[in-house]
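Working notes for the structure below.
Each ligand, and each atom within it, is numbered from 1 in the order the structure gives. Heavy atoms only: backbone and side chains are in, while hydrogens, waters and symmetry mates are out.
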Amino acid sequence: MIDSHVHLENGPLTFDYVKEFVDSAIAHNIDELHILDHSHRFKEFEPIYVNHRKYKAQDEWFSRDFRNSIYEYLDLIKQCKKINFPIKVIYGLEVCYQRNEEQLIRDILNNYDLDFVIGSVHAIDYRNYDCSYSDEILWNVCDVDTIYKKYFAEELALIKSDIFDQIGHPDQIKIRGFHPSFDLHPFYEEFAKLAKEHDILVENNSGCHYRYNHPDIGLNKDFIEILKKYGCKLITASDAHYVKDVGSLIDKM
Ligand SMILES: [Zn+2]
Ligand SMILES: [Zn+2]
């Protein structure tokens with residue numbers, strides 16, 4: 001089993017911490033582990049968040065970030081690659097995609113050599129949809145249909161950019177329990193067609209269930225069927241932010 005998305009976020013960038021993730025993966029029958037962290041941990045990515053920080057509550061949240069240099073992470077990767085772990089381990093990033101920052105993201109990423117890069121839509125017009133303050137700046141002030149339409153438009157642009165190896169949790173917008181008034185199947189079709197064309201890995205991410213209490217364990221079932229119909233490459237992910245969560249629900253997915 002593969003866990004293609006686990007975060008070092010809540011610990012130090014040290015070999016011992018990476019080893020804890022690898023040991024947890026082995027204990028959970030994972031034989032391939034993809035370790036990463038959010039782009040907003042690293043100060044080199046600060047320029048892509050300038051517009052996010054125009055919202056006060058969100059600025060406070062981001063002000064706790066950018067605490068490391070990407071070079072600390074690259075040094076750690078170099079150190080880890082000298083060790084032969086009993087399972088396959090690769091190292092990358094999860095980057096917050098915003099269409100308007102696409103060139104900037106591309107330029108920054110061009111400087112670094114990583115095993116993989118995941119692109120994820122975490123924000124609508126720079127406003128994160130899954131944080132404690134998201135009601136205040138997004139859900140209470142914007143129409144749900146508009147939020148969904150913008151979310152999916154960003155995902156299609158993400159795929160077309162060809163910057164990323166994988167798209168993170170592509171129906172995560174559902175986690176707050178708001179439903180659009182329109183049918184999502186045409187979007188699923190358009191998404192699947194494009195994902196196949198651009199050969200991007202599509203994540204089936206269990207985080208929506210055990211982190212956000214959504215009834216789905218991963219992607220919407222119809223969405224999965226449509227992705228399969230188009231021959232898209234699905235990949236399992238736990239989105240673990242803690243060692244104990246590595247491999248969560250991968251067997252079920
Ligand atoms: Zn994410
Ligand atoms: Zn993540």
Side-chain angles (χ1 to χ4, degrees), residues 2-11 13 17-18 21 24-25 30 32-42 45 48-49 52 58 61-62 64-66 68 70 73 89-99 101 105 109 114-124 126-134 138 147 150-152 154-155 157-159 161 163-176 191 200-214 216-220 223 234-250 253:
I2 298 178
D3 190 341
S4 71
H5 185 149
V6 305
H7 286 272
L8 298 176
E9 174 168 301
N10 290 302
L13 294 174
Y17 194 51
V18 168
F21 276 81
S24 180
I30 298 299
E32 184 172 330
L33 183 66
H34 301 184
I35 290 177
L36 52 76
D37 217 351
H38 288 292
S39 46
H40 52 75
R41 179 173 188 150
F42 304 106
F45 288 85
I48 70 175
Y49 296 96
H52 291 75
Q58 187 161 261
W61 190 81
F62 275 113
R64 297 191 292 270
D65 267 305
F66 312 110
N68 292 106
I70 190 77
Y73 182 44
V89 185
I90 60 173
Y91 306 87
L93 279 178
E94 180 183 19
V95 176
C96 299
Y97 178 80
Q98 284 281 163
R99 196 176 352 181
E101 310 302 336
I105 292 169
L109 283 171
L114 294 150
D115 294 331
F116 68 96
V117 183
I118 298 176
S120 296
V121 176
H122 291 127
I124 310 300
Y126 303 103
R127 292 171 282 185
N128 284 352
Y129 55 77
D130 63 342
C131 294
S132 53
Y133 55 78
S134 297
L138 181 68
I147 292 173
K150 286 188 172 181
Y151 177 77
F152 291 128
E154 283 287 305
E155 295 208 314
L158 183 160
I159 297 170
S161 75
I163 298 173
F164 307 100
D165 305 292
Q166 180 169 329
I167 180 164
H169 45 64
D171 68 355
Q172 185 90 334
I173 192 71
K174 68 188 175 186
I175 57 171
R176 282 295 174 102
F191 180 103
I200 193 169
L201 288 163
V202 180
E203 233 178 65
N204 195 10
N205 185 314
S206 61
C208 64
H209 188 74
Y210 77 92
R211 297 183 66 223
Y212 295 101
N213 298 314
H214 193 278
D216 290 350
I217 299 177
L219 291 173
N220 173 282
F223 195 4
L234 280 151
I235 189 163
T236 45
S238 71
D239 219 333
H241 282 57
Y242 296 92
V243 168
K244 68 174 173 52
D245 293 326
V246 174
S248 284
L249 302 166
I250 298 286
M253 288 190 295

Next on the checklist: If I take every N, O or S atom of His7, is at least one of them less than 2.8 Å from the Zn ion (ligand 2)?
Outcome noted: yes
Checklist entry - Within the stated cut-off of 2.8 Å, is an N/O/S atom of His38 closer than that to the Zn ion (ligand 2)? => result no
Checklist entry - Which class fits the ring pair Phe116 and His34: parallel under 30°, tilted 30 to 60°, perpendicular over 60°? => result tilted
Item to check | Ring centre gap for His52 and Trp61 strictly below 6.0 Å | outcome: no
Checklist entry - Is it true that His38 and His122 have ring centroids separated by less than 6.0 Å? => result yes
Next on the checklist: Between Tyr212 and Asp130, is there a side-chain donor-acceptor contact under 3.5 Å, judged purely by atom types and distance?
Outcome noted: yes
Checklist entry - Between Asp165 (side chain) and Val117 (backbone), is there a donor-acceptor pair under 3.5 Å? => result yes
Checklist entry - So what does the His169 NE2 - the Zn ion (ligand 1) - His122 NE2 angle come to, to 10°? => result 100°
Next on the checklist: Suppose you place the vertex at the Zn ion (ligand 2); what is the angle out to Asp239 OD1 and Glu94 OE1, to 10°?
Outcome noted: 170°
Checklist entry - By atom name, which N, O or S atom of His5 is the nearest to the Zn ion (ligand 2)? => result NE2
